[in-house]
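Everything on this sheet refers to the single structure shown next.
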Amino acid sequence: MDLKMNLNSLHLNYLTPLLKWRVMDVNSLRKECLRAPKYHNFYRIIRELQEKKILEGYRDPYSRKKFVYLSSIGEGQLSLKENPTSISNETLIHDLKVSEITRSLYERGMLDDVELEHEIHDKRNFRLTYKIIPDAILHLEKKGHKFKIAFELELTRKSNQRLSEKMKQYEDSTFYHYVMYFFPSQNLMEKYIAQAEEKIGKENLSKFMFFYHPLISSGEHHPEKIMGVIQGKTVTLAEVLKRA
């Protein structure tokens with residue numbers, strides 16, 4: 001049986017947010033949908049879509065949240081874009097956290113828009129425009145100025161050469177106003193900062209922001225509790241993103 005024929009308008013309503021955010025926990029997905037049923041009924045529909053191979057699922061062992069994302073079959077039913085949102089097992093945790101963190105900031109009204117990596121790739125001539133592709137681009141208007149912030153989530157340590165090459169590209173870029181690096185621990189953040197200071201020079205880090213989020217696995221992302229360093233000064237993420 002053709003799976004596409006089984007997708008009605010309600011299914012499309014429930015699945016469409018995944019074209020933007022790639023991977024979402026079931027409760028957050030439900031909140032994004034128009035006229036969504038109660039959680040129990042919504043979960044039943046999501047489970048049916050998993051059984052039809054339209055969706056893939058993942059249970060986070062730390063937050064205990066159930067996450068879903070489009071399978072390659074589901075992607076084919078919903079999207080005609082060249083760069084699919086479908087996620088590989090190798091990048092699932094990374095992509096899940098990028099989506100979760102940036103969506104949390106957007107829902108708090110701290111960002112005007114978020115472009116995840118697959119959306120950037122969908123833009124025409126993206127290589128000429130962006131040249132370097134981050135995990136996400138954060139759009140923020142503050143005090144009458146519009147900013148584009150490259151967002152990079154580093155869950156593990158990269159090689160010195162790989163890090164310095166990418167940071168040098170960001171330093172030379174005029175497209176991004178700032179670059180925000182996110183880490184799961186203060187120790188990893190400090191190692192990155194030390195490498196960056198050694199490889200590209202402390203004086204060249206003015207557009208770089210470094211933040212660590214020890215509770216990243218919990219699924220709770222409170223910007224006033226996420227600490228970071230900008231040009232040697234300790235700040236919270238909330239202080240950086242506040243509008244006033």
Side-chain angles (χ1 to χ4, degrees), residues 7 10-75 77-79 84-111 113-119 135-136 138 151-156 180 182-185 188 211-227 237-238 241:
L7 292 181
L10 285 178
H11 292 145
L12 297 176
N13 175 35
Y14 300 158
L15 295 172
T16 296
L18 294 173
L19 292 175
K20 167 71 177 178
W21 296 109
R22 302 190 77 193
V23 52
M24 301 175 72
D25 66 90
V26 174
N27 195 44
S28 294
L29 177 59
R30 176 179 170 272
K31 291 178 181 178
E32 288 276 324
C33 299
L34 298 173
R35 299 180 299 278
K38 292 183 178 180
Y39 183 86
H40 177 76
N41 292 330
F42 184 78
Y43 189 86
R44 177 178 54 79
I45 295 169
I46 294 300
R47 191 168 61 242
E48 289 174 355
L49 290 170
Q50 275 191 260
E51 291 171 355
K52 294 177 182 178
K53 307 300 182 183
I54 300 297
L55 290 175
E56 299 285 351
Y58 169 75
R59 176 75 66 178
D60 190 301
Y62 299 99
S63 68
R64 302 305 303 162
K65 292 179 181 179
K66 172 66 178 292
F67 288 84
V68 291
Y69 53 98
L70 291 169
S71 67
S72 56
I73 294 174
E75 176 72 30
Q77 305 299 329
L78 268 75
S79 178
T85 65
S86 52
I87 292 173
S88 69
N89 291 332
E90 292 76 15
T91 64
L92 173 59
I93 303 302
H94 175 273
D95 295 339
L96 184 158
K97 289 303 174 184
V98 169
S99 176
E100 188 179 63
I101 292 168
T102 58
R103 181 166 47 82
S104 175
L105 297 175
Y106 175 75
E107 290 176 347
R108 282 178 163 85
M110 298 183 127
L111 301 173
D113 193 17
V114 174
E115 291 181 275
L116 296 180
E117 184 179 4
H118 70 287
E119 295 179 291
D135 293 324
L138 314 181
F151 180 90
E152 294 280 3
L153 176 62
E154 304 292 350
L155 297 178
T156 57
M180 181 182 292
F182 246 65
F183 307 92
S185 70
L188 184 58
F211 288 92
Y212 67 95
H213 185 10
L215 298 179
I216 195 170
S217 296
S218 70
E220 299 295 328
H221 311 296
H222 301 290
E224 67 276 4
K225 296 180 180 179
I226 298 174
M227 305 301 297
L237 182 59
L241 296 180

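- Across all non-hydrogen atoms, the minimal contact from P37 to R30 is O-NE, 2.7 Å.
- N13 contributes a side-chain N or O that, together with a main-chain N or O of L34, makes up a donor-acceptor pair within less than 3.5 Å.
- Within a 6.0 Å sphere centred on OH of Y106, heavy atoms belonging to other residues, nucleotides or ligands number 12 at most.
- Distance check, rounded to the nearest 0.5 Å: CG of D60 to NZ of K97 gives 5.0 Å.
- With hydrogens and angles disregarded, a donor-acceptor distance shorter than 3.5 Å links the side chain of E119 to the backbone of L116.
- Between F151 and F182, the ring planes lie tilted relative to each other; the angle falls in the 30° to 60° range.
- Smallest separation of non-hydrogen atoms from P184 and I216: CB-CG2, 3.9 Å.
- With contacts defined as side-chain heavy-atom distances shorter than 4.5 Å, the pair V26/K66 qualifies.
- The backbone N or O of L153 sits less than 3.5 Å from a side-chain atom of D135, completing a donor-acceptor pair.
- Between L78 and L18, the closest side-chain pair of non-hydrogen atoms is not below 4.5 Å.
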Discussion item. Test side-chain contact (heavy atoms from CB on, under 4.5 Å) on M24 and R103; report intermediate values, then the result.
Written reply: CA-CA 9 Å; M24 301 175 72; R103 181 166 47 82; 3.9 Å; yes
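- By the 4.5 Å heavy-atom criterion applied to side chains, L70 and Q77 are not counted as neighbours.
- Put simply, the side chain of H221 never gets that close to the backbone of L215: no donor and acceptor are under 3.5 Å apart.
- Judged by distance alone, with hydrogens and angles left aside, the side-chain atoms of R64 form no donor-acceptor pair with the main-chain N or O of R59 at under 3.5 Å.
- The two atoms that bring T16 and L12 nearest to each other are OG1-O, 2.5 Å, heavy atoms only.
- Note that CD of E224 is 6.5 Å distant from CZ of R108, once rounded to the nearest 0.5 Å.
- Put simply, the side chain of M180 does not reach to within 4.5 Å of the side chain of E152, judged on heavy atoms.
- Qualifying side-chain hydrogen bond (donor to acceptor under 3.5 Å, both in side chains) partners for K65, counting only residues two or more places apart in sequence or in other chains: none.
- Taking CD1 from I45 and CG from L15, the interatomic distance works out to 10.0 Å, rounded to the nearest 0.5 Å.
- In this structure, S217 and Y62 approach most closely via the heavy-atom pair O-CB, 3.4 Å.
- Taken from NZ in K20 to NE2 in H118, the straight-line distance is 7.5 Å, to the nearest 0.5 Å.
- Sorted by first then second residue, the salt bridge (charged side-chain N to carboxylate O under 4.0 Å, His left out) pairs that include residues 36-47, not counting sequence neighbours, are R44-E48.
- When all heavy atoms of E154 and L188 are compared, the pair lying nearest together is O-CD2, 3.6 Å.
- Note that the CD1 atom of I226 and the CD1 atom of I101 stand 6.5 Å from one another [nearest 0.5 Å].
- In this structure, CG on N27 lies 6.0 Å from OH on Y39, to the nearest 0.5 angstrom.
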Worksheet item: When you look at Y58 and I93, which way does the side-chain contact (heavy atoms from CB on, under 4.5 Å) test go after all the steps?
Response: CA-CA 10 Å; Y58 169 75; I93 303 302; 3.1 Å; yes
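- In this structure, L138 and L241 have side chains that are not in contact, with every pair of non-hydrogen atoms separated by 4.5 Å or more.
- Closest of all the heavy-atom pairs between D25 and F67 is N-CD2, 3.3 Å.
- In this structure, the side chains of V114 and W21 come closer than 4.5 Å at one or more pairs of heavy atoms.
- Looking only at distances, a side-chain donor or acceptor of S71 sits under 3.5 Å from a matching main-chain atom of I54.
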